[in-house]
Amino acid sequence: MIITVGNTKGGVGKTTVATNLAIHHANAGGDVLLVDGDEQGSAATFTELRASGRPDRNPGYTCVRLEGAALRTQVRALTPKYDTIIIDVGGQNTGSLRAALTVSHAVLIPVQPRTLDVWATDQIVELVGEARAVNPELRALAFVNLADPQGLAGKDNRDTLAALRDTAGIEALDAMLVRRKSFANAIAAGLGVTEQVGRDRDARAVEELLALVAAV
């Protein structure tokens, strides 16, 4: 399965989601490719950190940097070699994002529970519509990311989910990821939240991530 984590709005936590998905699927025993299609290269930088902290210097998955048309052609060529491909693209309307949408089975769209972020989904929805001209089976799955701690009890979270449900062309997932320090701590340690142990392990973060994986 090929999953793009994308949104034309920056700062919505795409790389955190993409790396955690890659780690989860790799730890589940799959051959996983993480494609860093963002000019900032955050996913690749994280992978280097992760590899440096492991005895075998193996992050557990393969990471490559690809942009623009090369992303489309190389992902198509590499698809038979991997069980899961996760594509992380930057927060703009880029050639890499457009290319990723044409080869993905699903695009996972993180949306913060803020009015401006909800409004910004219109652009990614438009790009999804264009991509479906060549990739008609593309699923667009939006979810509330960096949610307020109250979960569905929080008004902003509920309002954002309701707005996503009313947006044509996408599916709104009930699963949401709350803004938790454990996600940032895991990234800094080169880990996924499911790999944290002891006092660092946040059962709520793990539960939320697994719910998102199941929804996708």
Side-chain angles (χ1 to χ4, degrees), residues 1-27 30-54 56-79 81-112 117 120 123-124 127 131 143 145-146 177 179-196 209 212-213 216:
M1 185 175 189
I2 305 174
I3 303 170
T4 288
V5 183
N7 193 335
T8 52
K9 178 76 169 61
V12 296
K14 294 181 297 295
T15 300
T16 296
V17 173
T19 51
N20 272 278
L21 290 179
I23 289 168
H24 168 78
H25 286 290
N27 286 341
D31 289 326
V32 177
L33 175 66
L34 175 61
V35 177
D36 189 337
D38 187 347
E39 292 181 357
Q40 293 183 358
S42 298
T45 300
F46 167 80
T47 301
E48 292 172 3
L49 169 65
R50 177 177 173 80
S52 69
R54 292 162 69 93
D56 58 1
R57 296 297 190 265
N58 183 349
Y61 56 83
T62 301
C63 181
V64 296
R65 294 193 66 178
L66 297 169
E67 296 180 18
L71 188 153
R72 177 171 49 248
T73 56
Q74 290 300 310
V75 166
R76 283 175 173 165
L78 292 168
T79 294
K81 299 180 180 181
Y82 295 94
D83 301 308
T84 304
I85 298 178
I86 307 294
I87 306 175
D88 178 33
V89 286
Q92 298 181 36
N93 180 356
T94 63
S96 297
L97 172 56
R98 289 174 176 269
L101 294 178
T102 64
V103 295
S104 296
H105 298 103
V107 55
L108 192 56
I109 307 168
V111 180
Q112 287 195 90
D117 290 68
Q123 189 173 34
I124 184 68
L127 293 180
F143 73 102
N145 193 40
L146 300 171
L177 299 184
R179 185 188 297 270
R180 299 190 188 282
K181 191 175 181 181
S182 55
F183 283 102
N185 290 346
I187 288 289
L191 300 172
V193 292
T194 56
E195 298 177 310
Q196 292 174 306
L209 181 69
L212 180 63
V213 169
V216 175

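Values below: every heavy atom of this structure, side chains too, minus hydrogens, waters and symmetry copies. A quick note: this is a predicted structure, and the numbers were derived from the prediction, not measured.
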Measure across [X] and [Y] and return the closest heavy-atom pair with its distance rounded to 0.1 Å.
| X | Y | result |
| --- | --- | --- |
| Gly68 | Ala99 | O-CB, 3.4 Å |
| Pro110 | Gly6 | CD-O, 3.8 Å |
| Leu101 | Ala131 | CB-CB, 3.6 Å |
| Arg50 | Gly192 | NH1-N, 4.2 Å |
| Phe183 | Val193 | CD2-CG1, 3.4 Å |
| Ile3 | Ser104 | C-OG, 4.5 Å |

Nearest 0.5 Å, what's the [atom1]-[atom2] distance between [X] and [Y]?
| X | Y | atom1 | atom2 | result |
| --- | --- | --- | --- | --- |
| Asn145 | Gln112 | CG | CD | 7.5 Å |
| Arg98 | Leu71 | CZ | CG | 14.0 Å |
| Leu191 | Asn185 | CG | CG | 10.0 Å |
| Leu127 | Thr94 | CG | OG1 | 9.0 Å |
| Leu33 | Thr84 | CG | OG1 | 10.0 Å |
| Tyr82 | Leu34 | OH | CG | 11.0 Å |

Side chains of [X] and [Y]: does their closest heavy-atom pair fall under 4.5 Å?
| X | Y | answer |
| --- | --- | --- |
| Val64 | Gln74 | no |
| Leu97 | Ile124 | yes |
| Thr62 | Lys81 | no |
| Val213 | Leu21 | yes |
| Leu212 | Leu108 | yes |

Just list the side-chain donor-acceptor pairs under 3.5 Å for residues 37-45, sequence neighbours left out, or say none.
residue	atom	partner	partner atom	Å
Asp38	OD1	Gln40	N	3.1
Thr45	OG1	Gly41	O	3.0

Verify, without hydrogens or angle tests, whether Gln196 (side chain) and Ser182 (backbone) share a donor-acceptor contact under 3.5 angstrom.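 Side chain of Gln196 to backbone of Ser182, a donor-acceptor pair under 3.5 Å: yes, one is there.
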In residues 11-18, what donor-acceptor pairs under 3.5 Å come from side-chain atoms, sequence neighbours left out?
residue	atom	partner	partner atom	Å
Lys14	NZ	Lys9	O	3.4
Thr15	OG1	Asp88	OD2	2.8

Consider only side-chain N and O atoms of Thr47 and Tyr61, and report whether a donor and an acceptor are under 3.5 Å apart. yes
